[in-house]
Amino acid sequence: MTTTKPPVWFWIISILALIWNSMGVNQYLQQAYNTEAFKSMVSTEELEMIGQLPTWYTAVFAIAVFAGALGCILLLLRKKLAYFVLLLSLISVLFQMGYITFSINMANIMTPFIVIAAVLLVLFSKHSKKKNWIN
């Protein structure tokens, strides 16, 4: 199968998506390592709630952000594996955001944006596969 040269907007979206997912990786690392910068961003009550999150939640958070970043790197490398990795990220995001929204009522203003971004990235990678921009 041959690939077609992607338009400029493919590269712009892929780079912006990588930046977005890199911010997620940074957020995960700050939360996982409980950095001073992270502690200064949240209240004491929120810190307690975060400290009580189950281990599986932390694992799903890690999968969501690292798979998202890897998927964006694969997009930039024009690999169709990006679709499957971004789909894994979306599934993880849905578990993560579903839990904090419906089980512990800890959702915030960013929750819907995170879900929408993950869905759009899967759709974008699927479209890129269809157009043979990635192989």
Side-chain angles (χ1 to χ4, degrees):
M1 181 180 284
T2 60
T3 57
T4 306
K5 184 178 178 182
V8 171
W9 61 267
F10 168 88
W11 300 108
I12 294 169
I13 290 172
S14 298
I15 290 168
L16 290 175
L18 179 58
I19 293 168
W20 168 261
N21 279 286
S22 296
M23 292 186 324
V25 168
N26 180 53
Q27 183 65 28
Y28 168 79
L29 292 173
Q30 287 199 38
Q31 183 174 321
Y33 290 103
N34 204 20
T35 65
E36 290 302 319
F38 175 72
K39 289 190 241 181
S40 70
M41 291 187 290
V42 295
S43 69
T44 305
E45 180 182 286
E46 289 172 314
L47 272 176
E48 285 180 30
M49 290 177 73
I50 291 167
Q52 295 175 9
L53 290 170
T55 304
W56 69 262
Y57 174 87
T58 303
V60 168
F61 186 8
I63 293 167
V65 297
F66 286 104
L70 177 60
C72 292
I73 291 168
L74 290 169
L75 276 175
L76 289 166
L77 294 173
R78 298 179 61 195
K79 301 296 180 189
K80 72 178 175 184
L81 182 59
Y83 169 75
F84 299 104
V85 175
L86 289 169
L87 185 60
L88 173 64
S89 176
L90 170 61
I91 292 166
S92 300
V93 164
L94 292 174
F95 275 102
Q96 177 191 13
M97 296 301 144
Y99 180 74
I100 66 169
T101 301
F102 301 112
S103 293
I104 59 173
N105 197 24
M106 203 172 133
N108 62 36
I109 189 80
M110 289 303 294
T111 302
F113 293 110
I114 293 167
V115 173
I116 291 167
V119 168
L120 290 175
L121 274 174
V122 169
L123 294 174
F124 176 68
S125 63
K126 186 175 183 178
H127 178 74
S128 297
K129 264 179 46 172
K130 182 179 172 187
K131 292 288 191 175
N132 289 323
W133 296 337
I134 57 179
N135 62 8

Enquirer: Give every donor-acceptor pair under 3.5 Å between a side-chain atom in residues 83-93 and any protein atom, sequence neighbours left out.
Expert:
{"residue": "Ser89", "atom": "OG", "partner": "Ala64", "partner atom": "O", "Å": "2.7"}
{"residue": "Ser92", "atom": "OG", "partner": "Leu88", "partner atom": "O", "Å": "3.0"}

Enquirer: Answer yes if Leu94 and Ile63 sit in the same cluster of Ile, Leu, Val, Met, Phe, Trp and Tyr residues linked by side chain heavy atoms under 4.5 Å apart, and no otherwise.
Expert: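 Unlinked, Leu94 and Ile63 end up in two clusters.
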Enquirer: Roughly how far, to the nearest 0.5 Å, is the NZ atom of Lys80 from the OG atom of Ser128?
Expert: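 The NZ atom of Lys80 is 13.5 Å from OG of Ser128, to the nearest 0.5 Å.
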Enquirer: List the atom of Gly24, the atom of Phe61, and the distance in Å for their closest heavy-atom pair.
Expert: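 Shortest heavy-atom separation between Gly24 and Phe61 comes out as O-CE1, 4.3 Å.
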Enquirer: How long is the straight-line distance from CD of Gln27 back to CG of Asn21, given to the nearest 0.5 Å?
Expert: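 So the gap between those two atoms works out to 13.0 Å.
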Enquirer: Which atom names give the shortest non-hydrogen contact between Met106 and Ile50, and what distance separates them?
Expert: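 Looking at all heavy atoms of both residues, the closest pair is CE-CG1, 3.3 Å.
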Enquirer: Would you kindly confirm whether Phe102 and Met110 end up in one hydrophobic cluster when ILVMFWY residues are joined by side chain heavy atoms under 4.5 Å apart?
Expert: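 No, no single cluster joins them.
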Enquirer: Look up atom CD1 in Ile100 and atom CG in Asn108, then write down how far apart they are to the nearest 0.5 Å.
Expert: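 The CG atom of Asn108 is 6.5 Å from CD1 of Ile100, to the nearest 0.5 Å.
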Enquirer: Show the nearest heavy-atom pair for residues Trp20 and Phe113, with the distance to one decimal.
Expert: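 Minimum heavy-atom separation between Trp20 and Phe113: CZ2-O, 4.2 Å.
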Enquirer: Just do the side-chain contact (heavy atoms from CB on, under 4.5 Å) check on Leu53 and Gln31 with the steps written out, would you?
Expert: CA-CA 11 Å; Leu53 290 170; Gln31 183 174 321; 4.0 Å; yes
Enquirer: Please confirm whether the backbone N or O of Ala37 pairs with a side-chain atom of Ser40, one donor and one acceptor, at under 3.5 Å?
Expert: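 Between the backbone of Ala37 and the side chain of Ser40 there is a qualifying donor-acceptor contact (under 3.5 Å).
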Enquirer: I'd like to know if the side chain of Asn26 reaches the main chain of Ser22, judged simply by a donor and an acceptor atom lying under 3.5 Å from each other, with no hydrogens or angles considered.
Expert: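 Not a single qualifying donor-acceptor pair exists.
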Enquirer: Which value, rounded to the nearest 0.5 Å, describes the distance between Ile109 atom CD1 and Ile114 atom CD1?
Expert: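 Between atom CD1 of Ile109 and atom CD1 of Ile114 there are 11.0 Å.
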Enquirer: Would you please classify the geometry between the His127 ring and the Trp133 ring as parallel, tilted or perpendicular, with 30° and 60° separating the classes?
Expert: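 Answer is perpendicular, since the angle exceeds 60°.
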Enquirer: Step through it carefully: locate the ring centre of Tyr33, locate the ring centre of Phe38, and say whether they are under 6.0 Å apart.
Expert: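 No.
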Enquirer: How close do Gln30 and Met41 get, heavy atom to heavy atom, and via which atoms?
Expert: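 The pair with the smallest heavy-atom distance is OE1-CE, 3.6 Å.
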Enquirer: Would you say that Pro6 contacts Lys131 through its side chain, given a criterion of any heavy-atom pair below 4.5 Å between the two side chains?
Expert: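 Answer no - side chains too far apart.
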Enquirer: Rounded to the nearest 0.5 Å, what's the gap from NZ on Lys129 to NZ on Lys126? Could you check?
Expert: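 Lys129 NZ to Lys126 NZ: 8.0 Å, rounded to 0.5 Å.
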Enquirer: Sequence neighbours left out, what passes salt bridge (charged side-chain N to carboxylate O under 4.0 Å, His left out) with Glu36? Give chain and number order.
Expert: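 In terms of salt bridge (charged side-chain N to carboxylate O under 4.0 Å, His left out), with neighbours along the sequence ignored, Glu36 is linked to Lys39.
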Enquirer: Determine yes or no for a side-chain-to-main-chain donor-acceptor pair under 3.5 angstrom, with Gln52 supplying the side chain and Met49 the backbone.
Expert: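 No.
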Enquirer: How long is the gap from CD1 on Ile13 to CG on Leu76, to the nearest 0.5 Å?
Expert: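 Rounded to the nearest 0.5 Å, the CD1-CG separation comes to 11.5 Å.
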Enquirer: Evaluate Lys79 against Ile134 for side-chain contact (heavy atoms from CB on, under 4.5 Å), listing each step before the verdict.
Expert: CA-CA 5 Å; Lys79 301 296 180 189; Ile134 57 179; 5.9 Å; no
Enquirer: So if I apply the side-chain contact (heavy atoms from CB on, under 4.5 Å) rule between Ser14 and each of Leu74, Leu121, Leu75, which one comes out positive?
Expert: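 Of Leu74, Leu121, Leu75, side-chain contact (heavy atoms from CB on, under 4.5 Å) with Ser14 is met by Leu75 alone.
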Enquirer: Does Phe95 CZ have over 12 foreign heavy atoms under 6.0 Å away?
Expert: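 Not buried by this count: 12 neighbours or fewer within 6.0 Å.
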Enquirer: Using modelled atom types and a 3.5 Å cut-off, is there a donor and acceptor pairing between side-chain atoms of Thr101 and backbone atoms of Met97?
Expert: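 Side chain of Thr101 to backbone of Met97, a donor-acceptor pair under 3.5 Å: yes, one is there.
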